Amino acid sequence: MKVKVNEVEIDLDEGSTVEDAIKLSNAPYIDGSAISLIKGRSELESNVEKYKIITTKGSIIIELVDEFDIITTFWKEHYKDFASTLIRWTTTNEAAMGSVVSNLEPSHEEYLYNRWDVIISLSGFSNEATHIIFSKTKHRATYGVPNQNKGIFATVVGGKRTIMKLRNTDSILGVEPVIERKSVVNSAAVTDLSTEIKEDNELFTYLEVEANPEAPVSFEHFLKIIDDGTFTVDFESETFIGNFDLKGLEKDSEVIDKRKRGVVTVRNQGAGVGSVYIYREDRVSIPAHNIVGYVTKGIQLLDTVNENDKITVKTIPEKISTVSLTQKEADEYLTSLNIEHTRDGLTDDDAVVVAQDPFYTVEVDKTKKISTLGVPKEDFVEIELYEDESPSSVWYFRKICGLLDGDVGHLRVSMAIKEMDLLMFQAVKKEAKGLIPEKTPSKMVEAWDICVSNTACKHVGNIGIRFVDNSEFGPTGESFASTNIIGKVIAGKDNCKAFKEGDTVYVKERK
């Protein structure tokens, strides 16, 4: 049997499942992500209510009116027949496209039509000259229409200026259904890997998002959201789905434009700053939203996901990052992408890359050149963070060191007291507000715990690490009640012991 996986047709044995289809087609899919299964193209199009008519003067969008079996059925079954017809005539009252042959029966009645009615007309009372009439004014006419709803089957909802510009020298370049969310929802279902696939089913496993080339910063923000290859749906509505992983991370204004169906945006101001949205329906532009990119494949999947689902996402271009690789690994990686590589800083093979120029994927993809800044591996510390147990404090730590939107963070040592076996890093007061007590120690702060002082003390936001266990105070010198444990050093412990006041410590998070 024939089915489509992400719009590519494949042959499957009867009784095959979604999992079989994914494996056979090698479709992009990360375990646990949502899947959308559409019963078939014909059923999908049966639920369509809008159509785009593409002319040599521009596009016209029509929306079907209330269901009238004869004339709407005729349109749905024969709209493709009008795809290569002409604008046959225009007057002050109407513009006509056609003609095609139909099996409709004409009437001889005169009717009153409103502006922007779309009418099926049997010119000369002959079904061999079936036209589509766009009403430009309120007027009365005898169009030989079928004896149903005065022949009106739709109304013009877009491209009215195009209609006014049409002349009998123009032609129709195409007619296509406008697939909206409600059309997909009525024909599709979120499913699982064990669901059996039937003939003509269409399966969607991932979203493809193409970057807005004018918004490199916003696109990089989106890439961080989908760091593991998935987009988690924290909120969903009729209009959009949203992710709040980086809510609170400020972003400057970049490209502001209409939020059309399939557009990805990041909020650049207001209470939800840093949140990312993917739009299911068109909305006007507002200054608070940067246009990140555009969904180019899998929009049907976007329509059917629910809150707490996650979606497999591929991007164009894919993320280009050398940060946390060694200089040698960066060489090999960039060679595979045909990108010219220059080493800066420490250039030894085993030096660790902590920065790249250009930083943003869109810019690297454009220039095909990159320079990487290497530092000694002795400057590096690998950590694990307890996001679930200390969410506010982990957010604070990631933000001030750069791990929220980067692969490597860095902190400057404010105190290194060898006789007390501890390191301290100074608070960023602006960001430290609201660090409530979280995961406070009960009997002991263990060696290599990373701790942040909370609002129960005066010096909120200080960060510290002890190299030995302590049953009295946290590494920032505060009581246990004022100390939040946010994570642990898991590699580079000897490096920590060698750091001095003023040194920069580079941190990499182990996921």
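These numbers were taken from a predicted model, which means no experiment stands behind them.
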Point-to-point distance, once rounded to the nearest 0.5 Å, from [atom1] of [X] to [atom2] of [Y]:
| X | Y | atom1 | atom2 | answer |
| --- | --- | --- | --- | --- |
| Leu403 | Glu509 | CG | CD | 6.0 Å |
| Asn243 | Phe222 | CG | CZ | 9.0 Å |
| Ile133 | Met97 | CD1 | CE | 10.0 Å |
| Lys319 | Phe219 | NZ | CZ | 10.5 Å |
| Asp303 | Glu238 | CG | CD | 10.0 Å |

Before accepting this row, confirm whether a basic side-chain N of the pair Asp170/Lys165 lies closer than 4.0 Å to the acidic partner's carboxylate O.
->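 Salt bridge absent between Asp170 and Lys165.
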
Cationic N near anionic O, under 4.0 Å, Lys224 to Asp407 =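 A salt bridge is present here (some side-chain N lies under 4.0 Å from a carboxylate O).
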
Looking at the rings of Tyr143 and Tyr113, which for Trp means the six-membered one, are their centres under 6.0 Å apart?
->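 Ring centroids of Tyr143 and Tyr113 are less than 6.0 Å from each other.
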
What's the verdict on side-chain hydrogen bond (donor to acceptor under 3.5 Å, both in side chains) for Glu332 and Thr335, showing C-alpha distance, side-chain angles and the deciding distance?
-> CA-CA 5 Å; Glu332 295 168 350; Thr335 297; over 6 Å; no

Which residues satisfy the ring pair (Phe, Tyr, Trp, His ring centres under 6.0 Å) test with Phe82, sequence neighbours excluded?
->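 Here the qualifying residues are Trp75.
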
Pairs touching residues 84-107 that satisfy ring-ring contact (aromatic ring centres under 6.0 Å, His included), sequence neighbours left out |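 Passing the test, one end in residues 84-107: Trp89-His131.
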
Pair Arg283-Thr239, side-chain hydrogen bond (donor to acceptor under 3.5 Å, both in side chains): steps then yes or no = CA-CA 8 Å; Arg283 286 296 181 267; Thr239 305; 3.0 Å; yes

For the residue pair Tyr277 and Phe240, categorise the inter-ring angle as parallel (less than 30°), tilted (30 to 60°) or perpendicular (more than 60°).
->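 Rings of Tyr277 and Phe240: perpendicular, over 60°.
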
What are the two closest non-hydrogen atoms of Asp200 and Val3, and how far apart are they?
->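 The pair with the smallest heavy-atom distance is N-CG1, 4.3 Å.
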
For Thr296, what residues pass the side-chain contact (heavy atoms from CB on, under 4.5 Å) criterion, not counting sequence neighbours?
->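 With sequence neighbours excluded, Thr296 shows a side-chain contact (heavy atoms from CB on, under 4.5 Å) to Glu208, Glu210, given in chain and number order.
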
